[in-house]
Chemist: 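Attaching a single structure in structure tokens format; questions to follow.
Chain naming here is simple, since letters A, B, ... match the order of the sequence lines and numbering starts at 1 in each.
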Number of protein chains: 2
Amino acid sequence: MATGRTHRPATRSRGIPEATVARLPLYLRALTALSERSVPTVSSEELATAAGVNSAKLRKDFSYLGSYGTRGVGYDVEYLVYQISRELGLTQDWPVAIVGIGNLGAALANYGGFASRGFRVAALIDADPAMAGTPVAGIAVQHTDDLDRIISDNGVSIGVITTPPGAAQQVCDRLVAAGVTSILNFAPTVLSVPEGVDVRKVDLSIELQILAFHEQRKAGEDASADGEDPEAPPMRATPASRKGPDGDMPAVMPA
Amino acid sequence: MATGRTHRPATRSRGIPEATVARLPLYLRALTALSERSVPTVSSEELATAAGVNSAKLRKDFSYLGSYGTRGVGYDVEYLVYQISRELGLTQDWPVAIVGIGNLGAALANYGGFASRGFRVAALIDADPAMAGTPVAGIAVQHTDDLDRIISDNGVSIGVITTPPGAAQQVCDRLVAAGVTSILNFAPTVLSVPEGVDVRKVDLSIELQILAFHEQRKAGEDASADGEDPEAPPMRATPASRKGPDGDMPAVMPA
DNA sequence: GTATGTGAACGCTTTCACAGCT
DNA sequence: AGCTGTGAAAGCGTTCACATAC
């Protein structure tokens, strides 16, 4: 059974912490906006505000890249844009394949911000033979049967999975076998991949559930003893002694 | 100026760490799958594998909820499903409004996993008058002018923003003014919100850039001195002394 | 015997606060 | 005087390893 390693354990590239890497795109976006407004330099305070972080964090982050600022002045916008782009590997372009051209896959294919910075939709792949040849966002959809060849021919190393959950692992395996080493997974599935393959996931349902947790907390802040009907709770198999916190299972359960 | 607090600083609910909250949906999904297969109990090891984490982490996570397992046996699946659902606030249903019905908004409206667990698409809102009345996923799109009323009438406390980046902050402000206290933002924009409002963001572009970073690292692992043409780097305004690591700007720049 | 629940150790991330340049 | 760059401290999150309960 494949155990599947997701995200980075602690391999740490050339010393840039993962948390910092995750913020570089944020800084880059803010810097690009400044660049378009022809702003020549920016302070850590200003840039941090624009990126939605605090300035100490930003300075610490930049310190991992090198000393790219000027004391008493700030950072040169163009110069930083280049340095961060290079660090993120955006000075080359990355052909990307999207597998699963349903509503979401099509939406991503049409997404403008995709091509904007280094990424290029090189192929759209779907298992439905009826879709083969249909153009989506100006690109003809190709059939899964040719996945291997499509990946190889286009030198794709980043794959995006937007299939139904049931197909995700299989598609993932085929992508990896074809040479893909980075996967962005939109399917609500835990993917197993061999060592050396990176997986990041985007999961609408999980995000909503996290929001609901906090939302519930807010609502329950004043009204402690609720008067709402508590959904019929299932009984426990082993009715042993529990010691959960207040919100435990009701002592009486519905017949 | 609104400073805008994103995510949770460190308020920590009733003691459940944020990292744990973020994993509860994962456990819930794995447990639901087991439940559908009528599996009565599961060990921390098995469940951890299914959820893609290690068992120590899972047990630690569950310990924050209470002692819901049985030593020497494992966890009762149904019981845990109920406890986690309750903890996440999924025993009540959450009406959600989606603002910005373009490709992505429509895709989300059609997304099945949405309604599945406690969430219900209560309203679709768009600024384009031509879209008003058009049904998307069986729900008529309403115009932004009525946003306030729509939110109030439906008791929406969770909003999803899928507008173009330029409109996101304005839509966010209006949602918050109308009573929304949780926002899921798909627009590539840093949102400013007042204290007490939670924002989570989903950003395709950021995820791809993080993957590109690691991808670049993999590629450069053996080939140190690259032969690729390095995109013309911009010159620095202040040509002062830098001490960045190896990947510095080329000493000679293109004429 | 077996698997949970948890203090303690460890490592990563953030924040502080100030030395070091410009 | 002003702002960056960075050690040191504090805060979180993960992992270990074993006492505890079944």
Chemist: From the options dT4(C), dT4(D), dT15(C), select the nucleotide whose nearest atom is closest to the side chain of K60(A).
Modeler: dT15(C)
Chemist: Select from R23(A) and Y75(B) the residue whose nearest nucleotide in DNA chain C is closer to the 5' end of that strand.
Modeler: Y75(B)
Chemist: Which of these nucleotides, dG5(C), dG5(D), dA8(D), is closest to any side-chain atom of R59(B)?
Modeler: dG5(C)
Chemist: Expressed as a whole number of angstroms, how long is the span from Q83(A):CD to dG5(D):P?
Modeler: 12 Å
Chemist: When you check the gap from the basic side-chain N to the acidic O, do D198(B) and R217(A) get nearer than 4.0 Å?
Modeler: no
Chemist: Evaluate the side-chain proximity of L47(B) to L31(B): yes if any heavy-atom separation is below 4.5 Å, no if none is.
Modeler: yes
Chemist: Tell me whether K201(A) contacts the main-chain N or O of L184(A) through its side chain, where contact means a donor paired with an acceptor under 3.5 Å.
Modeler: no
Chemist: For the helix from dG1(C)-dC22(D) to dT22(C)-dA1(D), how many degrees between its two end axes (five pairs per end), to the nearest 10°?
Modeler: 0°
Chemist: For the side chain of T70(B), counting heavy atoms from C-beta on, which of dT4(C), dT13(C), dC22(D) is nearest?
Modeler: dC22(D)
Chemist: Indicate yes or no for a side-chain donor-acceptor contact from W94(A) to the backbone of Q209(B) under 3.5 Å, with no hydrogens or angles considered.
Modeler: no
Chemist: Once you round it to whole Å, what is the distance between P of dT15(D) and CG of L58(B)?
Modeler: 12 Å
Chemist: Rounding to an integer number of Å, can you tell me how far E18(B) CD sits from dT13(C) C1'?
Modeler: 15 Å
Chemist: Will you find, in the side chains of T91(B) and R86(B), an N or O donor that is under 3.5 Å from an N or O acceptor?
Modeler: no
Chemist: Show every ring pair (Phe, Tyr, Trp, His ring centres under 6.0 Å) that has at least one partner inside residues 21-49 of chain A, sequence neighbours left out.
Modeler: Y27(A)-F62(A)
Chemist: Choosing from dT15(D), dT13(C), dA3(C), which nucleotide comes nearest the side chain of S43(B)?
Modeler: dA3(C)
Chemist: Would you indicate which nucleotide in dT6(C), dT14(D), dT6(D) comes nearest to any side-chain atom of S63(B)?
Modeler: dT6(C)
Chemist: Send over the distance from L47(A) CG to dC3(D) P, rounded to a whole Å.
Modeler: 14 Å
Chemist: Taking the nucleotide of DNA chain C with the nearest heavy atom to each, does N54(A) or G72(A) sit closer to the 5' end?
Modeler: N54(A)
Chemist: Can you tell me which residue pairs pass the side-chain hydrogen bond (donor to acceptor under 3.5 Å, both in side chains) test with a partner in residues 163-172 of chain A, sequence neighbours excluded?
Modeler: Q169(A)-D173(A)
Chemist: Report the distance from atom OH of Y68(A) to atom P of dT22(C), rounded to the nearest whole Å.
Modeler: 17 Å
Chemist: Within this structure, what is the CD-to-C1' distance between E45(A) and dC16(C), rounded to whole angstrom?
Modeler: 14 Å
Chemist: When the distance from NZ of K57(A) to C1' of dC12(D) is rounded to whole Å, what number comes out?
Modeler: 12 Å
Chemist: Could you state the CZ-P distance from R71(B) to dA3(C), rounded to the nearest angstrom?
Modeler: 14 Å
